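In this text, all values refer to a predicted model and were calculated from it rather than measured experimentally. Only this structure's heavy atoms are used, side chains among them; waters, hydrogens and symmetry mates stay out.
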Amino acid sequence: MWQLSDSGRMDTLDTSAQLAELRQRIDHLLDRLASNTRLTTDGLGTLDVAKVPSGYALQLAPAARHRGNR
């Protein structure tokens with residue numbers, strides 16, 4: 001709660017630019033986490049399912065990536 005003087009006023013604040021930067025930073029950190037650990041993007045829950053050709057390919061993705069990381 002903010003205390004305003006008698007002549008004070010409260011306007012709407014636009015924080016959307018900062019939120020967009022924060023989302024980009026989170027995406028960057030998740031990418032680094034996936035590349036520096038054995039976690040995959042599907043394991044982190046960040047896999048873009050629109051880029052997967054089929055549901056079967058989606059099911060096989062974690063196993064294929066795990067074999068490639070050995």
For Asp14, what residues pass the side-chain hydrogen bond (donor to acceptor under 3.5 Å, both in side chains) criterion, not counting sequence neighbours?
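Residues passing side-chain hydrogen bond (donor to acceptor under 3.5 Å, both in side chains) with Asp14: Ser16.
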With sequence neighbours excluded, what pairs up with [X] under the side chain to side chain contact (heavy atoms under 4.5 Å, CB included) test?
X: Leu22; value: Ile26
X: Ser5; value: Ser7
X: Arg25; value: His28, Leu29

